[in-house]
Amino acid sequence: MIRIALAALTFVLSHAGLAETLLVGSQDEFEDAVDNLKPGDTIMLANGAWRDFEILFTGFGTAEQPITLTAETRGEVFITGQSNLRMAGKYLVVSGLIFRDGHTPTNTVISFRRTRGDPAYHSRVTETVIDRFNNPERHETDFWVMMYGRHNRFDHNHLVGKSNAGVTMAVRLDGEESRENHHRIDHNYFGPRPILGANGGETLRIGTSHHSRTDSFTVVENNYFDRCNGELEVISNKSGGNTFRGNLFFESRGTLTLRHGNGTVVENNVFLGNRADHTGGIRVINADQVVRNNYMHGLTGHRFGGALVVMNGVPNSPLNRYDPVVNAVIENNSIIDSDHVELGAGSDEERSATPTDSVFGSNLIFNEDGRNIVAVHDDVGGIEFRGNATNNVDEPALTEGFVNASLELVAADNRLLYPADGQFADVGASRELKVLDPESTGVSWYPKAGSGMRFDTGETIFIGAGEDAIFDAAAGAGAGDVIMLAPGGYLLTKTIVVDRPLTIRAAPGTASIEFERTALFEIADGGSLKLSGLTISGRAAPDVAGNSAIRTHRYSMLGNYALVVEDSTIQDLNTNHSFNFLSVARHTFADRIEIANSVFRNITGHVLSLAQETDDLGLYNGEYVSMVGSTFQNIEGAVADIYRGGTDESTFGPHFELRASSLDSVGKGSRNKSAASIRLLGVQATDIFDNVVADSRPVRVIHTVGDPVTRLGDNRLERTPEPIVREFGGQ
C-alpha cells in the first residue's frame, strides 16, 4: 500500500544551503526524519494511502528557508482512517495532502499547535484537501481546521462535505500566544456543507464568546463559500479587528455574522443567492463595524438571516449575548432582488438597546416589483440615513435619507448590475468591484463539488414480478438508477437497504408490493428513495408492534437523505399497533420529504414520525416536509408528527406544507400521544391550505422558538375541532 524507500530515507541535496529532500515510505521513517529537520528541509510522503497516521510535524525553519511537508505527487497521497495533523514551531509549510475515508481520533483534523501553549508561527497549510472526513456519529463534535499561534496562513485548500457537528474551520484565541494573530485565510474552496439541523454547523468562526472582546486581526479574503448550509451563521465573527474582503458566497444559507467583537471590516464581498431558500448576506452587531461596497443579489433569507440585518443589543450585555450596535458605517452596498433588510432585528424585552451613532449611506436597495423589503423593528433614530436609493417602493418604511425613484439597472463588465442613470453613480457597490473567480480557489487537481446526486439520473432497470425481484435489482443498481416494475405482485422477504439515490417506479398497470420483514426499506448513509406509481401493502408484515414501511438506519447517519412518494397507494399497515409508514432514528436528517398525489389508508401508527430529537437542544429530523394532493384515511396516529424542542435560534427549519389533501378519521388511535391529526412542535414555517379534514383529531401547532410563521386557510373541517395554535411552549 505504501511504497517503502530503499534505505531508511531517500534524500537529495538541494542547491540552497545543503537542505535535504527526504522521501519517506512509512510512519517510522517520517518520525525519524522529523527528529533531524533543519531549515530548508523537505519531507515528501510517498504516494499511496497512509492509514491511521497521526502526523506531528515540528521544526524551526526561517523565512528564507521554511521546512516543508508535502506529497510525492500532489493528489496521490491519501491520509485515511483515524488520522490527523498537528504542526508546531516556526516557518513550516504543509501541502499536497488529501484527508478522506476516515476521521480524526481527536477533536481536530488539522491543528496549528502541538498542544496547549506550543503553537505554530509564520506557518502555512496550502493545497490540501479535506473531503467528508467526518466522525461517524452525526452529533459528535469535531473541527477540521483550528488555527493557533500568530502570522499563519491557510490558503488554496479544499474543504468539502462536513456533515457532523462542529465548525469546519476556526481561529482560536485561547492563549496569549494566539491573540492579535494576524492570520491570513485566503483563496480556499469551502465546498457544500449540508444542513446540520442543529447549532454548531458554521463554516468559519473567528474567536469565541469568551475572548470576543480581544482583537484577532485575521484577514479572510478571496474565498469561495459554495452552498455552505450548515446553519444560520456561514461565518461567525467572534473577535475584533478582522477583515472579510473579496469573498464569494454562492447559494449559501445564512449570513456573514458579526456576532461578537468590535472594529471589523466587511468589504468587497459578493453574495449570490439565486433565490435559493434562506440565502442571506451580512448581520451587524457590536461597535465600530464597517460594512461597505458589498453586492447582494437574489437573497431570500429573513429575520436574522436577511440580506442585511442590523440587530438590537442587550444593555450591559454578557459576553455570550448581543452588544449593541454603536458607530457602525454601512455604505455603498447593493441589495438587489432580495427579500429582507432588517433594522432593529431581534427587538424584545431583553434586546432593547437600539443602534446608535451609526450611518447608513449611499446604499442601493432594488426590487423590480417595488416591494418594501425594509422592516423597522424598533427606534432607528440612532442611525443617520443619507443618500440611499430605492426603486419605486409603494409604501417605504423609511423616507428620510432615501431617494425613491424609477431605477433601471444594467450589467457592467463585472456582470453585476448598476443604475443606468448617472445621477446614481455613487450609490451602491463600485463598478470596480471584482467578482472572485471560483477557479482561483482551492486546488487545481481536485474537482469542486457538482450539483449533488439526484434521482433518475442513471440507468433504467426493467424487472418482472416475483419474490425478492426488487431486492435483487436494488443490490445491483447504481446511484440514480430507476428500477421499473412490470405489472404484477412483488413479495420481499428481505429488507432493502438503500445507500444511494434510488427510484422504484411502476410501469403502466398495477405493481403491488408486500413485505415480510419489519421494514420494506431502510435508508442508510448516502441513500435517498423515490417511490412512484406503486401499491404497497403491509398485510404480510410480521405480527409485532412497531413495524415500518420505511425506516432510516437505526443509528446516527452523517448523510442527509430525501424521500419522495408520488402517485402511490400505501395501505394496510395494520398487522399490529404502531405501524408507521416512515420511522426515523435519532440523529438522522431528511433534507426533504415529499408526498404527492398518493393515498394512505388503514395505518395503526403515524404516516411520518419525525419526533425523535426530544432532548430539547434545537435538533430535529427533517428540513422540508410537503404533502400535496393526497388522501389519508383511517390513520390511528398522526399524518405528521414533527418535533423541534429547545430555544436555539441557529437553524431555519423545520418547514411543513399540507395542501389540497383530505384527512378522514385521522389521529383517533388510543396510542397517539400527540392527540392530533398533525402535530407540529417548533416548526418554523407552516402552510396548511385547501384541505378537507373530517372525523379527526385537531391540528396542533406549538410555537417554541424564533419567529415562526403559521398560515392556515381555506380548510374545511367536518366533525373536527378547530386547529390549535399555541405560542412558546404550551402543549
Side-chain angles (χ1 to χ4, degrees), residues 124 126 147 151-157 159 168-171 180-190 202-207 215-226 228 233-250 252 254-273 280-297 299 307-309 328-336 359 361-364 412 414-416 418 428-442:
R124 181 183 184 192
T126 185
M147 294 188 81
H151 300 286
N152 295 315
R153 185 181 181 193
F154 187 82
D155 67 284
H156 293 90
N157 299 294
L159 309 180
T168 305
M169 180 177 181
V171 174
E180 299 187 2
N181 53 68
H182 299 276
H183 294 321
R184 184 181 177 199
I185 300 168
D186 65 287
H187 293 91
N188 300 290
Y189 173 65
F190 292 98
E202 303 100 320
T203 294
L204 177 62
R205 188 181 70 211
I206 313 293
D215 287 333
S216 181
F217 299 132
T218 295
V219 174
V220 179
E221 61 183 350
N222 298 325
N223 301 282
Y224 180 29
F225 294 89
D226 180 8
C228 295
E233 297 179 5
V234 178
I235 295 178
S236 184
N237 182 83
K238 292 188 174 182
S239 55
N242 300 314
T243 300
F244 299 89
R245 64 188 176 214
N247 302 289
L248 174 61
F249 296 80
F250 178 78
S252 290
T255 62
L256 192 170
T257 300
L258 304 182
R259 184 65 182 86
H260 297 303
N262 303 322
T264 287
V265 176
V266 181
E267 62 183 359
N268 305 335
N269 302 284
V270 174
F271 298 78
L272 301 178
I282 301 165
R283 182 156 63 121
V284 182
I285 313 165
N286 310 295
D288 304 323
Q289 315 288 33
V290 176
V291 177
R292 64 188 174 211
N293 203 44
N294 300 284
Y295 184 93
M296 299 161 242
H297 194 160
L299 306 179
L308 181 62
V309 181
V329 176
I330 303 171
E331 61 185 8
N332 287 107
N333 302 286
S334 293
I335 303 169
I336 297 171
V359 173
S362 300
N363 298 289
L364 171 66
N414 59 7
R415 299 185 181 179
L416 305 182
Y418 297 91
S430 165
R431 287 167 171 76
E432 305 304 314
L433 178 61
K434 294 182 179 179
V435 182
L436 179 71
D437 178 4
E439 294 308 310
S440 70
T441 66

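Sequential numbering from 1 along the given sequence is applied to the chain's residues.
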> What's the spacing between N222 CG and H187 NE2 if we round to 0.5 Å?
Replying inline: 4.0 Å
>> Within the 3.5 Å criterion, strictly below it, is a donor on N188 or N223 matched to an acceptor on the partner's side chain?
In response: yes
> For Y189, what residues pass the ring-ring contact (aromatic ring centres under 6.0 Å, His included) criterion, not counting sequence neighbours?
Replying inline: H158, Y224
> Would V234 and F271 satisfy side-chain contact (heavy atoms from CB on, under 4.5 Å), going step by step from the backbone distance to the final call?
Replying inline: CA-CA 12 Å; V234 178; F271 298 78; over 6 Å; no
>> Can a side-chain donor-acceptor contact be found between D288 and N262 if the only test is distance below 3.5 angstrom?
In response: no
> If you measure from CG on L364 to OH on Y295, what distance do you get to the nearest 0.5 Å?
Replying inline: 9.0 Å
>> For the CG atom of L248 and the CZ atom of F190, what is their distance to the nearest 0.5 Å?
In response: 13.0 Å
> Who are the side chain to side chain donor-acceptor pair (under 3.5 Å) partners of H260, not counting sequence neighbours?
Replying inline: S209
> Between V220 and T243, is any pair of side-chain heavy atoms under 4.5 Å apart?
Replying inline: no
> If we only count heavy atoms from C-beta on, is the N237 to N286 side-chain gap below 4.5 Å?
Replying inline: no
> Can you name the closest pair of heavy atoms from D226 and S252 and give their distance?
Replying inline: C-OG, 4.1 Å
> So how far is it from L272 CG to L299 CG, rounded to the nearest 0.5 Å?
Replying inline: 8.0 Å
> Checking side-chain contact (heavy atoms from CB on, under 4.5 Å) for the pair R205/M169: CA distance, chi angles, key distance, verdict?
Replying inline: CA-CA 6 Å; R205 188 181 70 211; M169 180 177 181; over 6 Å; no
>> Minimum heavy-atom separation for R431 and N414, please, with both atom names.
In response: O-ND2, 3.6 Å
>> According to side chain to side chain donor-acceptor pair (under 3.5 Å), who are the partners of T218, at least two apart in sequence or on a separate chain?
In response: N181, S216
> Quick one: which of I235, N242, T264 gives a side chain to side chain contact (heavy atoms under 4.5 Å, CB included) with L258?
Replying inline: T264
>> So if I apply the side chain to side chain contact (heavy atoms under 4.5 Å, CB included) rule between L436 and each of N247, T441, N268, which one comes out positive?
In response: T441
> Considering residues at least two apart in sequence or located in another chain, which fulfil the side chain to side chain donor-acceptor pair (under 3.5 Å) criterion with T257?
Replying inline: T255
> Can you check side-chain contact (heavy atoms from CB on, under 4.5 Å) on V329 and V291, steps first, answer last?
Replying inline: CA-CA 6 Å; V329 176; V291 177; over 6 Å; no
> What are the two closest heavy atoms between D215 and G241, and how far apart are they?
Replying inline: OD1-N, 3.7 Å
> What are the two closest heavy atoms between R259 and S236, and how far apart are they?
Replying inline: CB-OG, 3.9 Å
> Should H183 and F154 be marked as a side-chain contact (heavy atoms from CB on, under 4.5 Å) after you check the CA-CA gap, both sets of side-chain angles, and the distance that decides it?
Replying inline: CA-CA 8 Å; H183 294 321; F154 187 82; over 6 Å; no
> Would you say H156's side chain and T126's backbone share a donor-acceptor pair under 3.5 angstrom?
Replying inline: no
> Closest approach of T203 and T168, non-hydrogen atoms and distance?
Replying inline: O-CB, 3.2 Å
>> I'd like to know if the side chain of Q289 and the backbone of G261 have a donor-acceptor N/O pair within less than 3.5 Å.
In response: yes
> Out of I335, V270, V266, which one pairs with N294 under the side chain to side chain contact (heavy atoms under 4.5 Å, CB included) rule?
Replying inline: V266
> Quick one: salt bridge (charged side-chain N to carboxylate O under 4.0 Å, His left out) partners of D155, sequence neighbours excluded?
Replying inline: R124, R153
> Quick one: CZ on R292 to CG on N363, what's the gap to the nearest 0.5 Å?
Replying inline: 13.0 Å
>> So, using salt bridge (charged side-chain N to carboxylate O under 4.0 Å, His left out) as the criterion, who are the partners of R184 when residues are at least two apart?
In response: D186, E221
> When F244 is tested against each of I206, V219, I282 for side chain to side chain contact (heavy atoms under 4.5 Å, CB included), which residue passes?
Replying inline: I206
> Out of curiosity, F217 CZ to E180 CD, how far, rounded to the nearest 0.5 Å?
Replying inline: 5.0 Å
